[in-house]
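Reading through the structure tokens given below for one structure.
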Amino acid sequence: MSAAPERLDRDRWEMQSIAALAEIEAELEDLVARIERAPDWRPGTALLAQAAWLRTKLQQIRASWDTRLVVAIVGPSGTGKSTLLNALAGAELAETGLTRPTTRHATAYTDDVAAAEPLRQELGDGDMRIVTSERADTLEYLTLLDTPDTNTLPENQAILRRVLERADLILAVFPAQNPRLHDNLAFLRPFVDRLPQENVIPVLNMIDRVPADELDEVVGDFQRALRSEWGLAPQRVYRVSARRSSPDAHFPADETPLNDVNEFPELEQLVFGTLNRASQIVDRRTTRAQRLFELYREQAHQAIAATGPQRAQAEHALAQLAERVEETAHRSMPSALAGVRGLDLGAALYSMLSSRWWGPVGWLVGLWALVLRVASFITRLGRRLPGVLSPTGADDPASQDESLVSAFPTDEVAHQLLSSWPSLSDALVAAGFDPALRSATAWQERLDTAMVEMAQQSATHYSAQLGRLAERLSAWPIQLLLNAPVVGMVAWIGIEAVLAFVQRRYLPPTYFQNGAMAVAALWVLAYVLLQILVSASIHRLRRGGLYRALGRGLAASLLAPWQQQLLVIEELEAQLSAEA
């Protein structure tokens, strides 16, 4: 393929991968936004920290589209990693020998020293060296890294960790004589977890040291160890003899190969053929980003699932306390509302009706609303009107209805909270919430806040109740039913008068007087019927509707912070379960 088509293909792959990465980042931000809505849930703090780490990783991947794939050769001491690099390079580049650890730094194999400079800058000049060979000219899209042993000195392991943080693929090399090296598998586990399974390539080196009739058993043991320690089910395990494939291949007399198996050519083709392509850069890094996000979702799901039973208990305890608080409010609110006079309530309701009614009855409604306003104003001189009933309306914070709160049974609700809070706070803490909820003052602070919120919302509740009532009383069937007789009578009198004039008939002298009396009678009757409906509705409102609304409002104000956070966690759990 020519350079131009290859460049075009790479641009197309990069655009597709950037779009996929943007989608991952959007999903991550959605999860973070949900977690942030549960600030008191302690596991959420750890998840937010992990999200910050993941953001950094995604940013690194986004910035690495133009850099080569990093293929790290890793494994325990004595597995022949350096010999494998020499075999791949076709030259003696990496140090080999009997002393341990032989590799004390990372060795980058590349065709371009400048291409490996970013890695050297990250690792430090003293911790990495760059080597090349004639065959390296074919490595256009990847860099091979020989790394310190997984069971080496702590300072060398620190270098290895930094290399693994940057690795896009891992050639996990283990000795065929003893592939189940638990400590080495455990060391690599967190780094393997962060990579897609196809980015971890298991290699059994020194396969020539295994008798031919034991090969299947050795490979089977290795596969079981990978599945047990890493959860990895590789499509293939490469069985190689790096020494047999190295430039100076020779065996002492007592180390003659025990079999003819050597899949080094297939591994070589994988590195120099399959992986050494522009498409592999974006594909492998995209799948790596997806794997990191999947890992984050798994962590979030596990954190949520771990507190499932405890959250259910906390939700039940909150629901029970909410019922008790609402019942207390419902039972005690009549006395709290005793100071709200029917005159004030009627004036507020008729003011709402006057803007909704039309026709003759509507005129009387408007007139009566004005009369009630004036009467209410005169009779309440020197007394503050409840905020919802005042001309400024319920939206004015300065005119909220203090009378609705002043007589509220605060002590009784406080006693309920005091008796219920220890078990409730224990249930919340067991569900992962902040242990500070156990504080002796936490319940009192919540009550004080809820009372302030109820004071602010009382007029809103009241206004909403009156608004709904006014809407019902202004329904078009009611208006048509009450206005139609009056309008019909006026129309009939007018039509009769016109017909009499045309027909040159004389109407009785009292015709219009009697007609006016009939219209007035129907008009008053219609308005009386409306008054009866309004009075019955106001009575029903004062008897119970408003009390229940305010009781529910107080219970919600008291317990909403935790109920909402528990609901957020449940919704997040459902989302993660659906995506799993």
Side-chain angles (χ1 to χ4, degrees), residues 30-51 299-330 332-333 405 408-458 460-461 548-577:
D30 178 65
L31 289 180
V32 168
R34 289 176 178 269
I35 295 170
E36 287 176 341
R37 288 168 54 197
D40 295 326
W41 190 56
R42 296 293 290 274
T45 304
L47 291 175
L48 291 176
Q50 291 173 345
Q299 293 286 337
H301 191 264
Q302 291 173 5
I304 294 173
T307 60
Q310 294 82 1
R311 284 187 287 108
Q313 293 177 1
E315 289 174 357
H316 181 66
L318 285 169
Q320 286 186 323
L321 182 56
E323 290 178 2
R324 290 197 294 270
V325 171
E326 184 176 340
E327 177 58 29
T328 299
H330 179 66
S332 306
M333 281 306 293
V405 182
F408 189 80
T410 306
D411 292 341
E412 187 174 349
V413 172
H415 176 71
Q416 287 186 356
L417 282 179
L418 179 62
S419 60
S420 304
W421 193 260
S423 59
L424 175 60
S425 61
D426 285 344
L428 288 169
V429 172
F433 282 75
D434 193 337
L437 293 176
R438 290 194 176 105
S439 169
T441 59
W443 67 272
Q444 185 62 55
E445 292 175 356
R446 186 63 241 155
L447 176 60
D448 293 342
T449 302
M451 291 303 296
V452 171
E453 292 174 355
M454 192 185 75
Q456 296 171 345
Q457 297 170 4
S458 58
T460 302
H461 283 297
R548 286 191 292 270
L550 290 177
R552 285 191 296 269
L554 177 66
S557 296
L558 277 170
L559 306 175
W562 303 294
Q563 289 176 327
Q564 291 172 357
Q565 291 183 61
L566 287 169
L567 179 60
V568 166
I569 297 169
E570 285 184 3
E571 292 174 348
L572 183 58
E573 183 177 27
Q575 176 184 345
L576 293 172
S577 298

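Basis for what follows: all heavy atoms, side chains included, without hydrogens, waters or symmetry-related copies.
Side-chain atoms of I304 and R311, non-hydrogen and from C-beta on, do get closer than 4.5 Å to each other. Side-chain contact check for R34 versus E571: some heavy-atom pair is nearer than 4.5 Å. Within the 4.5 Å cutoff, the side chain of L424 has no heavy atoms near those of the Q320 side chain. Looking at heavy atoms from C-beta onward, L576 lies in side-chain contact with L31 at the 4.5 angstrom threshold. Looking at heavy atoms from C-beta onward, W41 lies out of side-chain contact with V568 at the 4.5 angstrom threshold.
For L559 against A322, the heavy-atom pair with the smallest separation is CD1-N, 3.5 Å. Of all the heavy atoms in V429 and P435, the pair that sits closest is CG2-CA, 3.7 Å. Closest non-hydrogen pair, A51 versus V32, comes out as CB-CG2, 3.6 Å. Between P43 and G432 the shortest heavy-atom distance is CD-O, 3.3 Å.
Checked by atom type and distance alone, the side chain of Q565 pairs as donor or acceptor with a backbone atom of P561 at under 3.5 Å.
Atom-to-atom distance recorded for T307:OG1 and L428:CG is 11.5 Å, nearest 0.5 angstrom. Rounding to the nearest 0.5 angstrom, the gap separating the CG atom in L567 from the CG atom in L572 is 11.0 Å. Note that CZ of R37 is 11.0 Å distant from CD1 of I569, once rounded to the nearest 0.5 Å.
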